[in-house]
Structure formats: C-alpha cells, structure tokens
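Here is the structure we will look at.
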Amino acid sequence: MQNRLKTLHFELTDPFDNVQVVICCKRFLKDLGFGEAQQYLIASAVSELSTNIIRYAGKGTISIGTTYRNGTVGFVVAARDDGPGIPDLKKAMAENYSSGKGLGLGLPSVKRIMDEFEIHSTPGQGTRVTAIKWLE
Amino acid sequence: MKQYSSVSALGSYTISDCLIVPVAPEAEVEELQRLHREILELVAETGAKGVLVNLSSVNILSSYSFTTLREILRGVSLLGATGVLVGLRPGVVAAWVDRDLDFSEMHTARTMEDALALVTTRREKQEADAKQA
Amino acid sequence: MTNYIRIIDTDLAVHVLEHLPTPVMAVNREMELVFLNEAGLKHIGRSWEEVKGKPCKDILQSRHCGTSECKMRQVMDGGQVATVRNEMKINGRTVPVEYTAAALKDQDGTIVGGVEYIIDITERVRQEKKLQEQSKTIREISTPAIKLWDRMVILPVVGVVDSQRAQQMMSAMLQKIMATAAKVIILDIQGVAAMDTAVANHLIKIAKATKLMGCRCIISGITPAVAETLVQLGIELTDIDTNSTLQDSLFDAFSLLDLTVTPKGSKQ
Ligand SMILES: Nc1ncnc2c1ncn2[C@@H]1O[C@H](COP(=O)(O)OP(=O)(O)O)[C@@H](O)[C@H]1O
Ligand SMILES: [Mg+2]
C-alpha cells in the first residue's frame, strides 16, 4: 500500500501537460532525498520521455513512483503510449537519430542518466519505457 | 567621408572602402544571382574591403535566395574582403532557423554602423596578422 | 496465540470483503452479479435482493459496460489483472473511478467468473484538474523581451519551455531586437524547470536566430545542475557565450557594448 500511495500518474494529451510532470517530478525527487542537481537531471530525463510521447504518439501516460531493492530506494518512471511505436529500436537508441526535427539525443541520454533502462515498442501498438534511478 | 563611386545599375555605392548593396523588397533569387556577378566584379575592380548587403527591407527570402547570399559571401571572402548581411528581418530569420540552414560562417550585423565596424575590426586584425607573418 | 498459517475460512473472508470500505463485486461467466459488498450496495442505493443475479452492466452502468474495454470481460478471456480508469453513474451522477479486475478460478484453474474492486477517484481527478488549470495559467504567461539598456535586451525564461512557448519567445525576441536595434541579448534560463534536448534545441535555435539578427547572445543561468545535465544530454553550446550568473552576463554584455561599470567617483 505504501508503494501505491507513492505513485503519481499523468495523462498527457497536450504539449503543456509536461509542465505538471516536470514540476511534480522535481518535488517527488526532493521528497525522496535526491540532491538539487540530481533533481534537475532526472526531471530532465523524465521530460524527455513525456516530450517524446506528446511528439510522436500524441498522447499517453507517465507514472512516477518509488521502488526498493536491497534496502536502497529508487525513483522509477514508466512512460507508456499506444502510439505508432518505433520500427527500429536500435536506430532510435543511437545518438543523433531523429525521425522528426529533434536532435535525436533524447532516448540515449535517458539511458545514460538513469541507472536502469528498458524500452519495448511494437509498431502499430505503442511504446513502453521504464527507467530507475537509485538514491546513492 | 562618404565617397560615392561608380553607382551601379542596382544602386550600390561605396563608403570608406565598403561596397553597400541595397536589396529591393521583392528581390527574387534571379535578382540576387545578378547581384552576385555584379558584386564580385565590383570588388575585384575597386578593391573594396567589405561588402554590406542591406536586407532590411526584404520580408521574404527563400532557401534558394539563402544559398545565393551564402555564395556571394563566400566569393567576397575569396577576394579577400568581408561580406556582411545587414538588417535581416524577423520573418526571414525565423524561417531560416526553422529550415536548419547552416549559417555558421556568415557575418551579420544589425545596422550599417555595426557592419562597418565589423569590417574595420576584421581588416585591422588581418593587417596585424600579415605584419606578424 | 493466533495461528496465521491456515486456510482462511469462507465466512471470515466474506465478512472482510463485506466491510471493505470500497465496492467489491464478483460475477459469474455470464456477467451476472454473484456478490456485491455493503459499500457497493450503498453506492448504488439498492439492496442485495434487488440486484442479485442481475447482469452487472445494468447495475453499474459504467462507460466500459458492454464494450470491449470492459476489463472484467478481458480477464475472463484470459487477460492480465488490470487497473484502469472508468466512469460510473451513481445516483444520476457521473463519478470517475478506478477499478481492478481479476479472474475467479475454481480448484482446477478454470475461470468461473471475475472479481473487481472499485475506487472512487473524484478527489484525485479534481486535484489533477486543478494542476492542469494551474499549468494552463503558466502557459498564458508569455515571456517578455525587455530592453535593459541602450542596445541591450534580456529575455528571462521561467518554467517549462515547450515548442509553443519557444515560438512565442522567439518572435518576442526577434521583434525586440528589430525595434531596439539590440547588439546583445541575454537569455536568462535560471528559472527553467528542466533541460531536456527539446528545450536545449529551442535555446540553440534562439541563439542562432539572434546571430542572424546581427546580435550577440549570452545565455545566463547555466548553473552546475544545468551544465551537468547538458553534458549528460550530449549537447554542446558551441558558439554561444554562457555564464552562470546574471551578474557575469551583464558584465560581458556591457563589455560588448564597449561600456564599463565603475563605482561613482573612481578615477577612470
Ligand atoms: N513514444 C514514442 N513513440 C514513437 N516513436 C518514438 C517515441 N519515442 C521516440 N520515438 C522515435 O525515436 C526517435 C529518437 O527519439 P529521441 O532519441 O528522443 O530523439 P528525438 O526526439 O530528438 O527525435 C524519434 O525520432 C522517434 O522516431
Ligand atoms: Mg526526444
């Protein structure tokens, strides 16, 4: 029940919904005990995921929460959408690849910033990204 | 100090070794291409040290026009002078930036005075470098 | 001492379910009600006798009822346990709810029905709406481009930069440079909530546009956190002057205008 209470869920439909995500995310990270620079860094990674949802899938959800392993607490973010999916994940995860007008640095940097990163995407069905950052 | 020299058909003139080229509001790419030839000839002829292309009354410049302007600046640079785009308007700038064009090596200035100052600074630097060499 | 490791007796289980403060419902394979706890009955304002064995869609009248979205149907067809949002009509009022559905199996593992519990999320949705309203308000605060000095403009960027906002900033900045013939512009990003690659890209574009306008761009407010994030994002702000503090940026801006700030009365 503890975990469940510590979960925030955001429905993204409009580019501006990202404001909420970023602001709530930073507060959440602060409450978890992350330092200021880490709050900024992780919130930026989360913002990357929500920007992708809005840009490429049109709508979807971002959930943030806590997770525990071996006595360590972690911040977990899950991004999910039922959008067009990514046909070539290898390409999408490579630096500087963008199917749109982006810099193509988003997904690779989320992977770099977070400690654990998982992406699943099925063309025509959607994309799911889960990432964890452990509190040192 | 204004010394108007051979005013061309297109209305360019020189001020303190700089060729000033006004561009008409509705200038299309063909006109810029004509300017291109004329400018290079004039620079070679007069030994102008700077070419200030005044774009302050131009509202629309296509990607082709952009390419031509870049070629003008390159040509001018090859002739040992400094080319500057002066007074670009917000609409043109927004469109160019949106199209991800490469303007890293282009000189720009807000006003004619700024452009003249820029040419002078570059010239002084060139001369200092030349002396050192 | 109570022995914890034992099979819970059925009566106790039913008793517990009855008193859970949120609706719990079970149906058979025909989607007919076989159980609805007290909270559920209270919600719909009916007695068990009235609803017993009735098709659940007649009782609950939710948006999912009778559609392919119904999770109860999905779990009975072998789907995963799922929690989703829905809306229910309760006493003529539409209430936002979240429900979790799971299949009910007999000893052999055959699916014989389904169970679900429903949580009223009116308060949560209200909070979310409020947040949404607040962010809408933030959206409407446009970023001003302010003339700070002769030929010097500052653009303070606060909050979140999305593409709409970036466009508004861009045009405000371009118009101001044009109107004031600015020679230097300070883009103060101290108040930007997060720096993702899209935001960085917008800032780079603004800096490029500034250059085309014949104006120098100084980005101020690159704090250690911002710098670290930019490095992690793999973004280099080449060709752009950056400073940590607004004070340093101001100093640089004055230098670019060939101006110096000196204390009153100092010999210069
Ligand atoms: N949620 C998503 N749905 C569909 N495609 C996506 C999604 N996220 C990323 N992509 C694809 O992966 C590519 C790389 O994404 P990213 O690294 O964030 O770079 P950028 O957003 O700058 O293009 C995108 O251009 C897009 O084609
Ligand atoms: Mg992206």
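Just the heavy atoms: all of them, side chains too, but no hydrogens, waters or symmetry mates, feed the values below. Note on naming: letters A, B, ... go to the chains in the order of the sequence lines (proteins, then strands), and numbering restarts at 1 for each one.
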Ignoring hydrogens and geometry, is there a side-chain-to-backbone donor-acceptor pair from A/Ser44 to C/Met195 under 3.5 Å? yes
Got A/Glu11 and C/Arg85 here, is their nearest side-chain heavy-atom distance under 4.5 Å? yes
Only heavy atoms, only distances under 4.5 angstrom. Which residues in residues 92-101 of chain A are near chain C? A/Lys101
Given the options A/Glu48, A/Gln39, A/Gln38, which has more heavy-atom pairs under 4.5 Å with chain C than any of the others? A/Glu48
Should we count CZ of C/Arg63 as having more than 12 external heavy atoms under 6.0 Å? yes
So which heavy atom on A/Leu103 is nearest to which on C/Ile235, and how close? CD1-CD1, 3.8 Å
Worked check of side-chain hydrogen bond (donor to acceptor under 3.5 Å, both in side chains) between A/Thr51 and C/Asp196: CA-CA 9 Å; A/Thr51 306; C/Asp196 65 11; 3.0 Å; yes
Checking an interface table here. Which of residues 224-232 of chain C come within a heavy-atom distance under 4.5 Å of chain A? C/Ala225, C/Val226, C/Glu228, C/Thr229, C/Gln232
Greatest number of heavy atom pairs closer than 4.5 Å to chain C - which of A/Ala45, A/Gly104, A/Cys24, A/Ser47: A/Ser47
Applying a criterion of heavy atom separation less than 4.5 Å, what residues of residues 111-136 of chain A form contacts with chain C? A/Arg112, A/Ile113
May I ask you to check whether over 12 heavy atoms, not counting those of C/Glu87, lie within 6.0 Å of atom CD? yes
I'd like to check the ring-ring contact (aromatic ring centres under 6.0 Å, His included) partners of C/Tyr99; sequence neighbours left out, ordered by chain and number. C/His64
Turns out that what part of A/Cys25 lies under 4.5 Å from chain C's heavy atoms comes down to neither
Closest contact, heavy atoms only, C/Gly234 versus A/Leu105: O-CD1, 3.8 Å
